[in-house]
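By convention in this document, chain letters (A, B, ...) are assigned in the order of the sequence lines, proteins followed by strands, and residues within each chain are numbered from 1. Source: prediction; values computed, not measured.
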2 protein chains.
Amino acid sequence: MHEVKPRVSKIKKDQTRLAEDLRCSLETEILSGLLLPGERLDESGLAKRFGVSRTPVREALLQLASSGLIEMRPRQGAVVATVTVQDLMQMFEVMAELEAMCARLAARRINPVERAAIAAAHETCKTAARSQDLGAYYKANRVFHEALYAGAHNAYLQDKTRSLRNRLSAYRRYQLHQVGRVARSLAEHEAVVEALMAGDAEAAENAMRTHVAIQGDVFSDLISLLPPRYLQAAAK
Amino acid sequence: MHEVKPRVSKIKKDQTRLAEDLRCSLETEILSGLLLPGERLDESGLAKRFGVSRTPVREALLQLASSGLIEMRPRQGAVVATVTVQDLMQMFEVMAELEAMCARLAARRINPVERAAIAAAHETCKTAARSQDLGAYYKANRVFHEALYAGAHNAYLQDKTRSLRNRLSAYRRYQLHQVGRVARSLAEHEAVVEALMAGDAEAAENAMRTHVAIQGDVFSDLISLLPPRYLQAAAK
DNA sequence: CTGTCTACTCTTGTATACAAAAATATGTTT
DNA sequence: AAACATATTTTTGTATACAAGAGTAGACAG
């Protein structure tokens, strides 16, 4: 075999901008709770911590502000967004609607491959639930929902739903620690899958709304399980 | 009355950042069609045009990218976002859902003041429609929808719905030029208002979905009425 | 001792400078 | 003449420098 000199290097170049990396890192730190709501985000401080200049830090902060994860006030710097109980409720309300919409559309548009992917994801959830592995269920649950978004065949909806889910993930994490929550979640998935496989859009929509919505006791339980600093005391 | 020396100047300081101004200007230029989809956004060029340095230009571009109005590829600059027919359809689909949700929530949560505001906005629409004033109807319509968002009492939903409406406004503008579109729009508003006033959430939701959704002939008409350059020919 | 004014410091917002990657043009080879 | 390789130019990404507003602490008056 004679030598092959690649015309164009297929190896992905360092297609990496510092600003993007930073955005990612900070996003993770915020969502994981390492940076707490209300915490100040000093540009020079972050620059020093990450070993870069203020320029990429500022760019990262701007993007985080656009996604609502941080708040920037003119000439007063950025802080990790503080969320009131009301804010949280409203975001969950929208989340439920978007996910329900995904389910409705998926029931109509899903193809065999996607159908299989959802079934598989559901099975993985079942396994994780049976072995009482919260971490595994958390991940499998995410895959299940992602598969559903894909089935809706609406890239815009998929993108928005995903980013809202991401935004809320920090608050949802604690939900699974409730006794019986995993079993209930799984049962709700079951209902969604059944409706999906039957092609019943309305049933799928309702099942999903029920699954995602935070209503009745579920809401107060969710709030109560949150670490104190996650919520702002007074109204915005 | 003796002189009042205001302790703290109530006059709003130049709370203006160049980057924010630029974002606003560029947004307007894009939404108005002055900058066409696919058009290159050269940083130095924009800086020179607006008489500022590249720094605020970059910050403005980053924010526009976050809102989806422009697309930035690493080290290849920014272009006004190109939208395919499919993209457009998907965004309208989500729009219909969000507005329908607003209507449903508003039917349950609206207060007398908001009720009056919606009624008033509806009357203004009627007047504009009767006088065949497209510009006036366009504005009154916006006020009507805004009043509805407020009635839903969900700030997050309001924000997201408004920004999507804004994003689509460029494409919607041409819709009103269709013969009979104004009359039909007004009739649909009427249905929404009736359901709202009756407190019938389901009816309000359905009426609004019908109003906002672009279905059947309406969609092909919308597409056909768009100036050619508004849409990308091939798939993304 | 308290409240207000002022000077100072710190942080943000913007401009400029520099490095590296794309895009473009030029020249060479077959 | 076409295609490839190389040099040049242009543009983006990052760092640094500078200006101006916000926050802070200290001095002074009541």
Side-chain angles (χ1 to χ4, degrees), chain A residues 2-27 35 38-66 69-82, chain B residues 2-27 35 38-66 69-82:
Chain A
H2 53 83
E3 63 202 3
V4 175
K5 195 176 73 184
R7 202 83 52 83
V8 175
S9 169
K10 297 282 192 238
I11 301 138
K12 258 197 191 142
K13 295 259 182 62
D14 256 19
Q15 277 293 66
T16 176
R17 287 155 300 173
L18 291 180
E20 196 60 23
D21 290 355
L22 278 173
R23 188 189 60 75
C24 221
S25 300
L26 289 173
E27 191 173 302
L35 289 170
E39 197 161 331
R40 189 86 195 288
L41 295 166
D42 178 61
E43 295 179 7
S44 321
L46 291 172
K48 205 179 284 177
R49 178 149 81 87
F50 287 97
V52 298
S53 81
R54 275 179 55 218
T55 309
V57 171
R58 274 184 73 84
E59 299 196 346
L61 291 182
L62 274 169
Q63 292 182 75
L64 289 171
S66 293
L69 233 57
I70 71 172
E71 284 162 10
M72 299 184 81
R73 286 222 271 294
R75 297 183 190 279
Q76 293 185 66
V79 297
V80 178
T82 53
Chain B
H2 52 84
E3 64 202 358
V4 175
K5 194 175 77 184
R7 201 81 53 84
V8 175
S9 168
K10 298 280 193 237
I11 300 140
K12 262 200 190 136
K13 295 259 181 61
D14 255 18
Q15 278 292 66
T16 177
R17 286 155 302 173
L18 291 180
E20 197 59 24
D21 290 355
L22 277 173
R23 189 190 59 75
C24 220
S25 300
L26 288 173
E27 191 172 302
L35 288 170
E39 197 161 331
R40 189 86 195 288
L41 295 166
D42 178 62
E43 294 177 7
S44 321
L46 290 172
K48 205 180 283 177
R49 178 149 82 86
F50 286 98
V52 298
S53 81
R54 274 178 56 216
T55 308
V57 171
R58 273 183 74 84
E59 298 197 347
L61 291 182
L62 274 169
Q63 293 181 75
L64 289 171
S66 292
L69 233 58
I70 71 172
E71 285 162 10
M72 298 185 80
R73 285 223 271 292
R75 298 185 188 278
Q76 292 185 59
V79 296
V80 179
T82 52

#### Entry: Within residues 38-45 of chain A, residues whose heavy atoms come under 4.0 Å of DNA chain D
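Per residue number, the list is empty: none.
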### Query
Side chain of B/Arg17, base of D/dG21: donor and acceptor closer than 3.5 Å?
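Donor-acceptor pair under 3.5 Å: no.
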### Query
Tell me, which of residues 55-66 of chain A have any heavy atom that sits under 4.0 Å from an atom in DNA chain C?
A/Arg58
### Task
Quick one: list whatever passes side-chain hydrogen bond (donor to acceptor under 3.5 Å, both in side chains) with B/Asp21, sequence neighbours left out.
B/Thr16
From [atom1] of [X] over to [atom2] of [N], roughly how many Å is that when rounded to an integer?
X       : N      : atom1 : atom2 : value
B/Arg75 : C/dA21 : CZ    : P     : 6 Å
A/Lys48 : C/dC10 : NZ    : P     : 11 Å
B/Leu18 : D/dC18 : CG    : C1'   : 15 Å
B/Arg54 : D/dT14 : CZ    : C1'   : 9 Å

Could you report the tightest heavy-atom contact between [X] and [Y], atom names first, then the distance?
X       : Y       : value
A/Ala60 : A/Ala19 : CB-O, 3.6 Å
A/Leu41 : A/Val79 : CD1-C, 4.2 Å
A/Ala78 : A/Leu61 : CB-CD1, 4.3 Å

side-chain contact (heavy atoms from CB on, under 4.5 Å) involving [X] - partner list, sequence neighbours excluded:
X       : answer
B/Gln76 : B/Arg73
B/Leu18 : B/Val52, B/Pro56
B/Leu69 : B/Glu27, B/Ile30, B/Leu31, B/Leu64, B/Ser67, B/Arg167
A/Ser66 : B/Gln63, B/Ser66

### Message
Heavy-atom nearest nucleotide on DNA chain D for B/Arg73 versus A/Pro74: which residue maps closer to 5'?
### Response
B/Arg73
### Task
Would you please confirm or rule out a distance under 4.0 Å between OP1 or OP2 of D/dG23 and any side-chain N or O of A/Gln76?
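So the side-chain polar atoms of A/Gln76 do come within 4.0 Å of the phosphate oxygens OP1 or OP2 of D/dG23, strictly under.
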Under the salt bridge (charged side-chain N to carboxylate O under 4.0 Å, His left out) test, which residues partner [X], sequence neighbours left out?
X       : answer
B/Glu43 : B/Arg54, B/Arg58
A/Glu20 : A/Arg17, A/Arg23
B/Arg40 : none

### Task
Take the C1' atoms of the five end pairs on each side of the helix from C/dC1-D/dG30 to C/dT30-D/dA1, get both axes, and report the angle to 10 degrees.
0°
